[in-house]
Amino acid sequence: MAYEAKDAGANAIKFQHHLPDEEMLPEAPTSDNFEEPLYEFLKKYSLTIEQHYELKSYCDEINITYLCTPFSYKAACQINDLVTAFKIGSGEMTDIPTLQKIADFKKPMIISTGMSSIDEINLTYSAMVKKKIPFALLNCVSEYPPLYEDLNLSVIGTMQNKFKNTLIGHSDHTPDLYTSFAAVALGAKIIEKHVILDKNQKGPDQSVSINFNELAN
């Protein structure tokens with residue numbers, strides 16, 4: 001997948017680093033995308049830190065930026081030597097104490113804003129500005145996949161006007177390209193998409209992913 005992303009023209013490929021016992025309780029609710037409890041799913045399928053080092057080495061070899069989302073401060077510490085920037089998922093956007101500690105690594109951060117109000121985004125934005133590191137905010141709707149009538153891409157302009165000291169991008173969970181094109185037309189500087197080798201391949205993000213031919217487009 002890293003090779004295919006590079007071949008499609010992507011600047012970066014992003015993985016996730018999960019330490020389930022650091023980020024959730026075993027009885028955490030499970031979304032419809034998962035056929036088993038999320039805690040058990042992550043225990044079974046999460047990449048080990050050794051696998052992340054292997055992936056990072058391969059990404060360096062083919063000259064694509066390795067990025068990773070940590071879902072806890074301990075996970076961030078473990079991947080700190082691997083990343084040149086941290087990607088923060090929407091679920092952690094309002095965990096300002098943890099974001100401040102990750103910001104102390106003095107690396108750029110890309111922060112998704114799904115499920116958050118403008119007031120909540122403003123709190124995180126203000127905290128990050130005080131840390132004096134480069135950071136970006138990604139407009140995001142946390143539906144998998146989202147209904148088109150819920151996307152409200154005009155929020156990109158609202159964020160550009162309100163949060164002037166950072167880049168604004170778009171994290172897109174649709175299984176096609178139209179809203180990514182629209183987001184760029186509206187000024188988004190970063191586009192994040194889920195990718196899959198085969199759209200018939202079963203998995204928790206099957207319904208929100210594009211294939212690599214679509215990524216190239």
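These numbers were taken from a predicted model, which means no experiment stands behind them.
- In terms of heavy-atom proximity, S112 sits nearest to S171 at OG-CB, 3.9 Å.
- In this structure a side-chain-to-backbone donor-acceptor pair under 3.5 Å is missing from K14 to Y66.
- In this structure, CG on L215 lies 9.0 Å from CG on N211, to the nearest 0.5 angstrom.
- A continuous path of Ile, Leu, Val, Met, Phe, Trp and Tyr side chains, each step under 4.5 Å between heavy atoms, connects M93 with F86, placing both in one hydrophobic cluster.
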Kindly indicate, with the supporting measurements, whether the criterion side-chain contact (heavy atoms from CB on, under 4.5 Å) is fulfilled by L82 and C68.
CA-CA 9 Å; L82 298 176; C68 191; over 6 Å; no
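- For the atom pair F212 CZ and D198 CG, the distance stands at 11.5 Å (nearest 0.5 Å).
- Residues F41 and P204 approach most closely at CZ-CG, 3.6 Å, considering heavy atoms.
- Under the 4.5 Å side-chain heavy-atom criterion for Ile, Leu, Val, Met, Phe, Trp and Tyr, F181 and V155 are members of the same hydrophobic cluster.
- In this structure, the side chains of I111 and T124 come closer than 4.5 Å at one or more pairs of heavy atoms.
- Residues I196 and I210 form no side-chain contact, since every pair of their non-hydrogen atoms from C-beta on lies 4.5 Å or further apart.
- E23 places a side-chain N or O within donor-acceptor distance of the main-chain N or O of L19, the cut-off being under 3.5 Å.
- Under the 4.5 Å side-chain contact rule for hydrophobic residues, Y3 and L67 do not share a cluster.
- Under a hydrophobic-cluster definition in which Ile, Leu, Val, Met, Phe, Trp and Tyr are linked whenever side-chain heavy atoms come within less than 4.5 Å, directly or via other members, F15 and L42 are assigned to different clusters.
- The line from CD of Q16 to CD1 of I79 is 10.5 Å long, rounded to the nearest 0.5 Å.
- The heavy-atom pair separating M1 from V195 by the smallest distance is CE-O, 3.4 Å.
- The existence of a salt bridge linking E36 and K44 is confirmed by a sub-4.0 Å separation between a basic side-chain nitrogen and an acidic carboxylate oxygen.
- Smallest separation of non-hydrogen atoms from S207 and P175: O-CB, 3.5 Å.
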side-chain contact (heavy atoms from CB on, under 4.5 Å) evaluation trace for D205 with Y144
CA-CA 8 Å; D205 62 351; Y144 301 87; over 6 Å; no
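- By the 4.0 Å N-to-carboxylate-O rule, D104 lies close enough to K131 to be salt-bridged with it.
- Scanning both residues, V141 and P146, for their nearest heavy atoms gives CG1-CB, 4.2 Å.
- Salt bridge status for E214 with K199: present, with a side-chain N to carboxylate O gap under 4.0 Å.
- For the atom pair CG of D21 and OH of Y39, the computed distance is 3.5 Å after rounding to the nearest 0.5 Å.
- Aromatic rings of F135 and Y125 (six-membered ring for Trp) have centroids within the 6.0 Å cut-off, being under it.
- Defined by atom type and a distance below 3.5 Å, a donor-acceptor pair is missing between the side-chain atoms of Y45 and H18.
- A donor atom on one side chain and an acceptor atom on the other are not found under 3.5 Å apart for D119 and S117.
- In this structure, the side chains of Q51 and T48 come closer than 4.5 Å at one or more pairs of heavy atoms.
- Of the possible donor and acceptor atoms, one in the side chain of K6 sits under 3.5 Å from a partner among the backbone N and O of N63.
- Of the possible donor and acceptor atoms, none in the side chain of T65 sits under 3.5 Å from a partner among the backbone N and O of A12.
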Working note: I190 + L138, criterion side-chain contact (heavy atoms from CB on, under 4.5 Å); need CA distance, chi angles, decisive distance, verdict.
CA-CA 8 Å; I190 298 169; L138 301 189; 3.9 Å; yes
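- Between the side chain of Q160 and the backbone N or O of G187 there is at least one donor-acceptor pair closer than 3.5 Å.
- Residues H17 and F71 are not in side-chain contact: their nearest non-hydrogen atoms beyond the backbone lie 4.5 Å or more apart.
- No side-chain heavy atom of K189 sits less than 4.5 Å from a side-chain heavy atom of I168.
- By the neighbour-count criterion of 12 heavy atoms within 6.0 Å, atom CG of N11 is sparsely surrounded, having that number or fewer from other residues, nucleotides or ligands.
- A distance-only check finds no donor-acceptor pair linking the side chain of S116 to the backbone of I121 [under 3.5 Å].
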Apply side-chain contact (heavy atoms from CB on, under 4.5 Å) to T166 and M128, showing your working.
CA-CA 10 Å; T166 188; M128 292 296 98; over 6 Å; no
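- Between the side chain of K107 and the backbone N or O of N80 there is at least one donor-acceptor pair closer than 3.5 Å.
- Judged by distance alone, the side chain of N161 and the main-chain N or O of G157 form a donor-acceptor pair under 3.5 Å.
- Between I133 and K106, some side-chain heavy-atom pair lies under the 4.5 Å cut-off.
- A distance of 14.5 Å separates OH in Y178 from CG in L153, rounded to the nearest 0.5 Å.
- Summarising the geometry of K193 relative to T174, their closest heavy-atom pair is NZ-O, 2.7 Å, with the distance given to 0.1 Å.
- Open room surrounds NZ on K130; 12 or fewer heavy atoms of other groups in view lie less than 6.0 Å from it.
- At distances below 3.5 Å, at least one donor-acceptor pair connects side-chain atoms of S126 with backbone N or O atoms of N122.
- Cluster membership check: L47 shares its hydrophobic cluster with V83, using side-chain heavy-atom separations under 4.5 Å among Ile, Leu, Val, Met, Phe, Trp and Tyr.
- Considering H173, H170, K87 as possible partners of E192, the one that fulfils the side-chain hydrogen bond (donor to acceptor under 3.5 Å, both in side chains) test is K87.
- Residues T69 and I88 are not in side-chain contact: their nearest non-hydrogen atoms beyond the backbone lie 4.5 Å or more apart.
- Between Y73 and F105, the two ring planes are parallel [angle under 30°; tilted spans 30° to 60°].
- More than 12 heavy-atom neighbours from other residues, nucleotides or ligands sit within 6.0 angstrom of OH on Y58.
- Between C59 atom SG and I64 atom CD1 the span is 6.0 Å, to the nearest 0.5 Å.
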